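These notes are about the structure you will find just below.
Here the structure is a predicted model, which means the values were calculated and not measured.
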Amino acid sequence: MLEVNSHEYLKKYYQNNLVLWPHNLTLTRLISRSLSRKDNTFIQLSSDSRNFWWPGLLIPLCLNTNNIVLILSAKQRRQLFEVELPKLKASRLVFDYVDGIELLPSDKKIWVLGYQDLLFANEKGLLKNRQLIFPESEFMSNELRESMSIKITSKDWQGLINAHSIFEASIIEVYERISRRLFKQSARPDAVIRIDNKELVILKGILKDDLPKRLPWKRALNAVNNTWVTWAKLDHQTLSWDWHIQPLIPLETISGLLSGNNLLMLTNSGKSGSFFLDLNSKIFSFNVKVRLGNTFNQEPIALFAPKRQPLPNTSIFYDYILRQCQQLILTSLNTTIILVDDLQLRLQLTSELAGEFGLRVVHETATAQANGIICCSCHWWIINQHILSTPDQLIFPIIPLPSLESPWIAARVELLKHRGRNWFREFLLPETLIILLKSVEIIRGKDVRVAILDGRMHYRSWGKFIFEALEPWVELERLLPY
């Protein structure tokens, strides 16, 4: 009955709203079936679904609210509360929910939680016998990792000393030893340096049974194992540093929650990325796996990735991408987005382009001129693309592979190597494909060209996977002005 009712309500909803994704009727029946039968369901949506899938998810939730928990990122929460719920209200549909951890909802209300709240509710045992829904679950692992992150500052060290004054000399000795080693190893002012987990073991040994009861030390000292990575972010001006601690495999921390509840997961990027690598290693499985949509029904991307481009490790690469960026900008009338995840390379390009194009060039600023040139990371673009006007072009001077300079990425690769896994094909490449697809998703179907200036697209065997992931696309063999 829920399937039938949801189907009818969705058809009524579309009387007031333009149909932009033809598979929503199928999606809403699948979700209704999952809610009714309490199945573990995995639904892969084609990338042309964009944000058009929301009605297919929300309408069944309006009709069946029993023990439902909807877990959303900050971006998804904005989409839900600012865009989707007003549309539902205009169609006289009631989304009966409680938002956040402050109030515990009844079984008849949907519980909307962020990832931080999800972890807190799990620690308090508030999520038993509930159905958990994760939209865009390809980002679930990253969201969990950020939510579980622990940061220890100089102020926290002082708080530890004040609370355990009997161990003051030993604590100071540990802090000073780590500090000397970090600043000795640092090659630049903004250095990020790995810290061995044994330093936490040493601190735990000093405190013995008198362990801290307040955050963040309580969490940090409980994270003393090889499935967490720790590093320092240095501040040369104050000669201080912040200690960062993150889980390598976030799903292991909540594996009991996932295996003990019914799951409904939606993804826009297929079964790739570190999340799916971790997911497949867990004991639980999905009763229902469905793929909806057809990638080749989408509008093709205009792709400029000429052959015979230099490789990033060649001496001419930087001069080449600078010259190509300049030429691409000269053939454009409106906004250009230049996507570089490497901070040093991005700042260098920003500086060089500013010398050529002046105030048109900005760094990660949403208030650019109409013909502005925004240099940014892929993450910044994905988060802010909804508030920016449609650009003329996206330029990737270099393929956005996760950098091994990141302590978390390096530690994750080490773990996969230790387990005998193909760390590049199973981790770095899938993560890259997700980043690329999310970066170009919003411009598909619009008159926007995508330029990738990295010779590895043609000269490396894995480049074909990037071409396949971006399909459909049409090749731009030469630059033409708009």
Side-chain angles (χ1 to χ4, degrees), residues 20-24 26-27 42-53 136-139 266-277 289-309 311 324 328 337-339 341 378-379 381-382 385 390-402 422 424-480 482:
L20 295 173
W21 194 54
H23 304 286
N24 251 330
T26 305
L27 176 62
F42 179 89
I43 303 175
Q44 178 184 343
L45 310 177
S46 58
S47 56
D48 63 327
S49 62
R50 301 184 194 172
N51 280 322
F52 306 143
W53 49 266
E136 294 184 321
S137 58
E138 64 268 33
F139 293 111
L266 290 83
T267 173
N268 300 88
S269 299
K271 286 188 170 183
S272 59
S274 60
F275 165 67
F276 296 100
L277 179 64
K289 297 180 181 179
V290 181
R291 182 172 182 171
L292 278 184
N294 186 343
T295 298
F296 290 95
N297 289 337
Q298 305 176 67
E299 290 294 325
I301 292 171
L303 181 62
F304 178 72
K307 298 180 177 63
R308 291 189 294 236
Q309 296 191 114
L311 298 173
Q324 284 285 54
L328 285 161
I337 308 293
I338 299 178
L339 297 147
D341 282 345
C378 293
H379 177 74
W381 162 246
I382 291 169
Q385 57 189 209
T390 302
D392 268 353
Q393 56 190 342
L394 301 181
I395 303 175
F396 295 87
I398 190 168
I399 295 170
L401 285 163
N422 188 328
F424 184 81
R425 293 297 177 96
E426 294 184 15
F427 176 52
L428 292 190
L429 183 59
E431 290 295 296
T432 302
L433 297 183
I434 287 177
I435 292 169
L436 278 170
L437 289 175
K438 281 298 175 185
S439 296
V440 305
E441 178 184 80
I442 197 170
I443 59 92
R444 193 179 286 275
K446 300 175 182 178
D447 189 18
V448 180
R449 68 185 171 203
V450 176
I452 303 179
L453 309 179
D454 191 327
R456 291 175 294 182
M457 289 284 287
H458 295 282
Y459 294 133
R460 294 290 182 264
S461 60
W462 48 265
K464 66 181 180 181
F465 294 110
I466 297 179
F467 281 117
E468 290 172 1
L470 292 173
E471 289 177 340
W473 51 268
V474 294
E475 183 180 8
L476 292 178
E477 294 184 358
R478 53 187 174 272
L479 297 175
L480 295 174
Y482 274 89

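Around NE2 of His458, the count of heavy atoms belonging to other residues, nucleotides or ligands within 6.0 Å exceeds 12.
Salt-bridge formation is detected for the pair Lys438/Glu138: a Lys NZ or Arg NE/NH1/NH2 atom is positioned less than 4.0 Å from an Asp or Glu carboxylate oxygen.
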I'd like to know whether Ser439 forms a side-chain contact (heavy atoms from CB on, under 4.5 Å) with Ile382, so could you lay out the CA-CA distance, the side-chain angles of the two residues, the decisive distance to 0.1 Å, and finally the verdict.
CA-CA 6 Å; Ser439 296; Ile382 291 169; 3.9 Å; yes
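Under the 6.0 Å cut-off for aromatic ring centres, His23 and Phe52 do not qualify, their centroids lying 6.0 Å or more apart.
Summarising the geometry, atom CZ belonging to Arg456 is positioned 5.0 Å from atom CG belonging to Leu401; distances are rounded to the nearest 0.5 Å. To the nearest 0.5 Å, the span separating CD1 on Ile443 from CG on Asp392 amounts to 11.5 Å. Put simply, CG on Leu339 and CD1 on Ile395 are 9.0 Å apart, with the number rounded to the nearest 0.5 Å. The line from CG of Asp447 to OG1 of Thr390 is 10.5 Å long, rounded to the nearest 0.5 Å. Here Trp473 contributes atom CH2 and Leu303 contributes atom CG; the two are 6.0 Å apart, rounded to the nearest 0.5 Å. The CZ atom of Arg444 lies 9.5 Å from the CD atom of Glu299; values are rounded to the nearest 0.5 Å.
Taking 4.5 Å as the limit, some side-chain heavy atom of Thr432 sits within range of a side-chain heavy atom of Ile399. Side-chain atoms of Gln393 and Leu328, non-hydrogen and from C-beta on, do get closer than 4.5 Å to each other. A 4.5 Å side-chain heavy-atom check between Ile452 and Leu470 finds at least one atom pair inside the cut-off. In this structure the side chain of Leu453 reaches within 4.5 angstrom of the side chain of Gln309, judged on heavy atoms. By the 4.5 Å heavy-atom criterion applied to side chains, Ile43 and Leu27 are counted as neighbours. Proximity of Leu394 to Val440: side-chain heavy atoms (C-beta onward) are separated by under 4.5 Å at one or more points. Side chains of Ile466 and Met457 form a contact here, defined as non-hydrogen atoms less than 4.5 Å apart. Looking at heavy atoms from C-beta onward, Asp454 lies out of side-chain contact with Phe396 at the 4.5 angstrom threshold.
Of all heavy-atom pairs between Tyr459 and Arg308, the closest is OH-CA, 2.9 Å. The two residues Leu266 and Trp53 make their nearest non-hydrogen contact at CD2-CE3, 4.4 Å. Scanning both residues, Leu429 and Arg425, for their nearest heavy atoms gives CD2-CD, 4.0 Å. Listed here is the closest heavy atom pair of Cys378 and Asp341: N-OD1, 2.8 Å. Ala302 and Leu476 get closest at one heavy-atom pair: CB-CD1, 3.9 Å.
Listed for the Trp381 side chain is no donor-acceptor partner under 3.5 Å among the backbone atoms of Ile337. With Thr267 contributing its side chain and Gln44 its backbone, the two residues share no donor-acceptor pair below 3.5 Å.
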